Amino acid sequence: MPSAAPLLEHRTPLPPATARPAGSRWAYAFLIDIAVFVSLFAVIYGVYSIGRSWLGPVRAESEISQDPRSLPLYALYSLVRILVAYVLSLIFALAYGYTAARSRRAEIILIPLLDILQSIPVLSFLPGVMLAMVALFPNRQLGVELGSIILIFTGQVWNIAFSFYSSLKTIPRDLREAAIIYRFSAWQRFLELDLPFSTIGLVWNSMMSVAGGWFFLMACEMFVLGDKDFRLPGLGSYLQTAAGHGNTRAMLWGLAAMVAVIVLMDQLIWRPVITWADKFKFEQVESAAAAQNSLLNFIRRESFLIRIYRRILHPVVEWLTLRFASGAKRAAAKIKANRAAKPRRWHGWIFAVLAGIALVYGASRAVAELAHLDRGDYFELFRSAGLTFLRVNLALIVGALWTVPVGVAIGFSPRFARLMQPLVQLAASIPATALFPVILLFLIRMREGVEIAAMALMLLGTQWYILFNVIAGAMAIPTDLKEAASIFKFGSLDRWRYLILPGIFPYLVTGMVTASGGAWNASIVAEYFHFQGRIVKAPGLGSTISSASDAGRFDLLLASTLIMAVIVVLINRLLWRKLYRLASTRFKLET
Amino acid sequence: MSTTTAGVEPIIAASKLEKFYPQPDGSRIQVISPTDIAIYPGQIIALLGPSGCGKSTMLRMLTGLSPTSGGTVFWHGQPVGDESPNVSIVFQSFALFPWLTVLENVEAPLEARGVPDVERHKRALRIIDSVGLDGFESAYPKELSGGMKQRVGVARALVVEPEVLFMDEPFSALDVLTAETLRGELMELWLGKKIPTRAIFIVTHNIEEAVILADRIIVLGRNPAHIHAEFNVNMAYPRDRKAAHFTELVDLIYKALTQQEHPESALAEQHRAAEAARRKDVVMLPHTRPGGMAGLLEILEDHNGRADLHVLAAELSLEVDALLPTVDTAVLLGLLKLAEGDAILTPEGKAFAQADIQGRKAMFRKAVLANVPLLRQMQQALKSKTNRTLPAEFFQDLLDEHFSEDEARRQLETAIQWGRYAELFVFDAASGKLTLTET
């Protein structure tokens with residue numbers, strides 16, 4: 001169809017190609033070809049080795065090498081695990097958010113449930129997930145692999161789901177109406193309205209989720225469950241093994257490998273994706289400084305991906321759209337029909353009854369499980385909950401104390417900000433758990449070193465949320481307010497009291513909420529650690545969960561998970577939600 | 001009825017179309033009283049009325065976007081629901097998808113109808129060409145000016161060849177010159193029969209716009225919305241704003257918009273009085289600030305207590321409809337009367353205009369307690385508490401029974417504004433609590 005070709009050009013417009021000197025073009029293309037072939041071979045080898053490993057027999061006790069030369073393969077294993085978990089998370093989160101936003105009845109249950117699931121640490125899912133997976137694939141490594149992937153998944157999925165849900169809830173009315181009046185099918189609406197509108201939120205939350213995946217990687221790749229010892233080859237298990245043996249050289253190699261992978265991913269994936277996502281910003285006027293990314297420009301210019309999109313993805317999407325469109329014609333006929341749900345009612349009832357039975361059964365089993373615990377156990381649980389509570393909040397306070405002045409300094413000075421931003425971003429991207437063994441080397445010799453180390457890890461894992469938000473808050477304080485403060489000759493105390501603290505308050509709260517949830521979750525790795533051949537632990541709820549999971553004590557695990565979920569949800573409801581409200585009413589900067 | 005429509009079957013006919021919020025006690029708050037509207041082929045119909053009177057709701061009920069509380073919409077004699085009407089809407093806010101290019105935006109409705117790739121491109125490009133967007137096919141909406149965006153909106157609406165084109169204040173987000181240009185282009189398409197569209201239904205608050213475009217103008221009255229007057233415009237296109245015919249008609253419509261003693265309006269007035277008597281406890285508050293009303297009363301005082309609303313609006317460079325909620329507030333509080341399109345200060349209103357700030361507050365307080373049941377209830381409720389404090393949500397819940405969620409929230413916001421100005425209570429936004437002012 002020669003006539004279609006010029007029309008197709010309209011389909012995905014490219015930015016005007018930058019002029020390149022004639023003649024250089026061929027050499028350029030040749031290099032690209034070589035790069036593509038090399039990567040292709042690498043990919044084929046990677047797929048082969050992963051397949052061999054996954055489909056092989058179970059190697060529960062397999063030895064994890066401490067040789068730096070095995071690091072590239074281990075890094076690949078971990079990367080694939082995290083990516084597969086992320087893709088699963090994205091699919092699940094889209095389905096979850098979509099259901100919650102579309103159905104009023106589902107929303108009532110799904111949203112509070114999300115709140116609770118978010119507060120449950122990954123290790124609490126461990127026994128259930130592992131036992132199920134190993135039961136499914138008793139003779140294949142695949143079972144253990146899937147278990148590990150699902151564990152990573154449980155740490156990544158919830159915030160993406162929540163982000164998608166809240167984006168869907170804020171789609172402007174006129175766009176929704178346009179989709180109805182122009183008879184979009186559910187599929188077309190999802191593709192052209194729901195998904196694009198949510199993209200920016202999804203991208204940022206995906207970044208956070210994947211960072212969380214790296215943070216808990218060590219816990220997810222190597223763990224003990226009762227009498228079973230699970231080890232999966234990967235960066236996390238490499239680091240943990242090195243720490244267990246006190247092999248400092250291997251620890252440093254592992255750390256370097258992890259940082260390298262993370263920095264590469266940041267440069268090759270996230271930066272281009274963020275720039276690309278800019279086109280989904282919901283704005284009527286183009287912002288002055290459009291973000292640029294050389295890699296993205298490169299991809300667009302060479303249009304390699306775009307060619308793939310046109311040849312393969314586009315026809316598929318087109319086919320789906322047209323296929324669902326004929327259904328839309330029928331559905332459109334009913335948009336006016338009153339949606340009094342008549343015949344569907346018994347469906348709902350049956351579902352409710354089944355859910356109720358399942359709930360009662362589950363609850364009774366849980367109670368039976370909890371009945372194994374005696375009063376002493378509960379006393380111990382509450383004591384450790386109190387200790388973790390103190391630790392988490394002390395870490396938060398320390399975090400806020402240093403990040404607020406530094407963040408304000410960075411936010412107030414554009415020059416300082418340009419200098420510091422990349423450094424801070426790099427520091428934040430290193431998963432604290434990987435850094436931890438190195439820190440532990442020094443702290444272990446000190447008195448109360450374990451205490452300090454536990455708090456240090458919580459701090460390392462969560463302070464960045466506060467810092468980034470404070471920087472954003474300080475940058476958002478309007479210049480006229482700052483000028484007013486200097487005209488009235490505010491002293492530095494008054495300046496902080498009347499200008500800076502109120503100005504950054506909403507941002508500070510946002511950062512602290514995330515940090516608080518993160519610190520509670522991090523307690524499972526912060527309070528319990530295999531190090532130099534022994535177990536280092538600080539008494540607390542996190543170490544209770546970890547040791548219960550290690551020992552296969554389901555009753556203790558259940559009780560401590562419940563307590564943690566209740567505490568986190570209560571803190572959210574009683575403290576953070578109130579502060580949020582205060583932030584969005586009294587401390588909102590409006591014009 | 002226009003002579004041209006006799007014997008012609010309407011494309012869309014609404015019969016006894018109405019909208020109300022049912023109340024728990026069995027009564028209802030009427031937003032749109034039962035209304036008959038017919039759209040005939042070959043006509044441009046303008047629905048004219050002050051903002052917030054229910055024009056947009058009417059449009060949404062006619063297109064099936066918004067559920068009706070009563071009545072039926074017929075599409076070629078068949079109730080809508082059995083058959084899906086082929087209509088389009090041009091939105092005030094353009095409602096373009098910012099992540100799709102101009103071409104993709106225009107193609108989207110065709111995609112939804114299952115038009116295949118090549119055919120889709122052809123049709124979209126043709127319509128883009130005809131609205132003058134040539135060369136912008138691959139631009140994103142945010143790169144375009146307001147006028148260009150609305151051209152995309154029009155192209156998207158026309159590409160499905162709708163039988164009736166609905167336009168919801170299509171030009172009011174644009175500057176005056178751009179709006180004029182777009183109106184001209186629309187008329188060119190329509191009069192030159194370049195589009196298969198058989199009728200246009202345009203909602204507007206701009207009287208001149210209505211007179212320039214429409215064959216038939218329907219003027220809506222408020223509280224609840226009802227057809228207040230209808231005008232047939234028998235003038236050749238293009239219409240000259242300076243022609244005597246034109247200005248006469250504009251004046252006539254202005255009068256109709258502002259005049260309350262119109263026979264039909266008097267009927268509505270009766271209806272409203274009866275309604276109010278039935279449920280003394282609920283009066284819908286106009287969403288205004290007390291400060292704005294004070295300003296209006298002062299200006300009237302300068303006009304010796306009487307002025308034509310049309311003149312007042314022109315003097316303030318406002319549309320009449322922007323003035324009406326403020327006028328309504330003053331009328332509700334007994335500070336102003338309306339007669340023959342004039343606003344007249346009552347003795348209380350005169351006193352108010354002359355008083356100082358404290359005096360005004362005292363008068364305002366007296367007036368709201370006498371005329372606004374909601375504020376009276378709020379005062380009573382606060383008094384009955386020993387700590388004189390109640391969360392605002394408490395009243396929100398009460399209002400929720402009478403209004404939609406959004407409207408209830410706006411009603412409460414307005415009531416709190418007024419109550420604070422009257423110093424009936426203080427409101428702490430952080431805690432969301434109202435506390436009675438001790439007197």
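Computed from a predicted model, the values in this text were never measured in an experiment. Naming: A, B, ... by sequence-line order, numbering from 1 per chain.
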Cut-off 3.5 Å, no hydrogens considered: what does the side-chain donor-acceptor table look like for residues 499-509 of chain A, sequence neighbours left out?
none

Please check if atom CH2 in A:W204 has more than 12 non-hydrogen atoms from other residues, nucleotides or ligands closer than 6.0 Å.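 No, not enclosed.
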Greater than 12 external heavy atoms within 6.0 Å of B:E413's CD: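 Enclosed.
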Tell me the closest heavy-atom pair linking [X] and [Y], and the distance in Å.
| X | Y | answer |
| --- | --- | --- |
| A:L175 | B:L96 | CD2-O, 3.4 Å |
| B:A112 | A:R183 | CB-O, 3.2 Å |
| B:R156 | A:Y182 | NE-CE1, 3.5 Å |

What part of A:E177 is in contact with chain B, defined as an atom under 4.5 angstrom from a non-hydrogen atom: side chain, backbone, both or neither?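 For A:E177, backbone and side chain are both near chain B.
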A:R176, part contacting chain B, at a heavy-atom distance under 4.5 Å: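 No part of A:R176 comes within 4.5 Å of chain B.
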[atom2] on [Y] to [atom1] on [X], rounded to 0.5 Å:
| X | Y | atom1 | atom2 | value |
| --- | --- | --- | --- | --- |
| B:E111 | A:S185 | CD | OG | 8.5 Å |
| B:F97 | A:F280 | CZ | CZ | 13.5 Å |
| B:L65 | A:I180 | CG | CD1 | 5.5 Å |
| B:F166 | A:I181 | CZ | CD1 | 8.0 Å |

Please identify each residue that fulfils side chain to side chain contact (heavy atoms under 4.5 Å, CB included) with B:E161, with sequence neighbours left out.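 Per chain and number, B:E161 pairs via side chain to side chain contact (heavy atoms under 4.5 Å, CB included) with B:R123, B:P196.
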Report which part of B:L100 has an atom under 4.5 Å of a heavy atom belonging to chain A: side chain, backbone, both, or neither.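 For B:L100, the side chain is the part near chain A, not the backbone.
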Measure B:V87 against the heavy atoms of chain A and call it side chain, backbone, both or neither at under 4.5 Å.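 Its backbone and side chain both get close to chain A.
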Indicate the ring-plane relationship of B:W99 and A:F197, choosing parallel, tilted or perpendicular according to the 30° and 60° boundaries.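 Answer is perpendicular, since the angle exceeds 60°.
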Taking the side chain from A:Q188 and the backbone from B:A108, do they hold a donor-acceptor pair closer than 3.5 Å?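 Answer holds: yes.
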